[in-house]
Amino acid sequence: MSDPNKEWMDQLQKLNQQQFKNMLDAQAKKRRKNKFRENLKKSQNEAFQSLKDKYATPANQPTSSLSDMLKNLFNQK
């Protein structure tokens, strides 16, 4: 007959190992999720900066504002 204390200790050890594995898995999942969010945010910021650089440079902007253009148009005779 086996020792009941040994069986109980074995069950407790298995339970602790399973809980530890679950904790590590949850931490790994959280890290992957955070890394994905970080990469997504970085990608969005890079795309936004690229658009700002493309459309906010002086070469791509009109030389005068729309109101100035309209004033000049209506003041012509």
Side-chain angles (χ1 to χ4, degrees):
M1 186 169 195
S2 62
D3 183 14
N5 285 337
K6 174 133 176 54
E7 288 180 23
W8 182 81
M9 289 297 287
D10 289 344
Q11 288 179 346
L12 183 61
Q13 185 177 13
K14 287 179 185 177
L15 179 62
N16 284 340
Q17 287 173 347
Q18 185 62 40
Q19 288 177 339
F20 185 70
K21 181 186 179 303
N22 290 344
M23 182 188 70
L24 291 178
D25 289 347
Q27 288 176 348
K29 184 178 179 181
K30 188 175 180 181
R31 278 194 303 273
R32 284 191 304 270
K33 190 175 182 181
N34 287 342
K35 188 68 172 174
F36 174 79
R37 284 183 182 156
E38 183 181 306
N39 287 342
L40 180 62
K41 184 172 182 149
K42 182 178 177 184
S43 174
Q44 288 173 334
N45 286 340
E46 288 172 355
F48 180 66
Q49 187 62 45
S50 173
L51 289 173
K52 277 176 45 178
D53 291 345
K54 182 176 179 181
Y55 293 107
T57 58
N60 292 327
Q61 292 192 0
T63 55
S64 62
S65 68
L66 180 59
S67 61
D68 291 340
M69 292 168 65
L70 290 174
K71 284 179 191 173
N72 290 338
L73 180 67
F74 290 119
N75 288 334
Q76 291 177 355
K77 293 186 181 185

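The pair D10-K14 fails the salt-bridge criterion, with no side-chain N (NZ, NE, NH1 or NH2) lying under 4.0 Å from an Asp/Glu carboxylate O. Salt bridge status for K35 with E38: present, with a side-chain N to carboxylate O gap under 4.0 Å.
Rounded to the nearest 0.5 angstrom, M23 CE and N16 CG are separated by 11.0 Å. In this structure, E46 CD and N39 CG are separated by 9.5 Å, a value rounded to the nearest 0.5 Å.
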Requested in this report: Could you give me the CA-CA distance, side-chain angles and deciding distance for Q49 and N45, then say whether side chain to side chain donor-acceptor pair (under 3.5 Å) is met?
Outcome: CA-CA 6 Å; Q49 187 62 45; N45 286 340; over 6 Å; no

Requested in this report: Determine, stepwise, if the pair D25 / K21 fulfils salt bridge (Lys or Arg N to Asp or Glu O under 4.0 Å).
Outcome: CA-CA 6 Å; D25 289 347; K21 181 186 179 303; 3.0 Å; yes

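Taking 4.5 Å as the limit, every side-chain heavy atom of Q13 sits out of range of all side-chain heavy atoms of M9.
Just one of K30, R37, R31 meets the side-chain contact (heavy atoms from CB on, under 4.5 Å) condition when paired with K33; it is R37.
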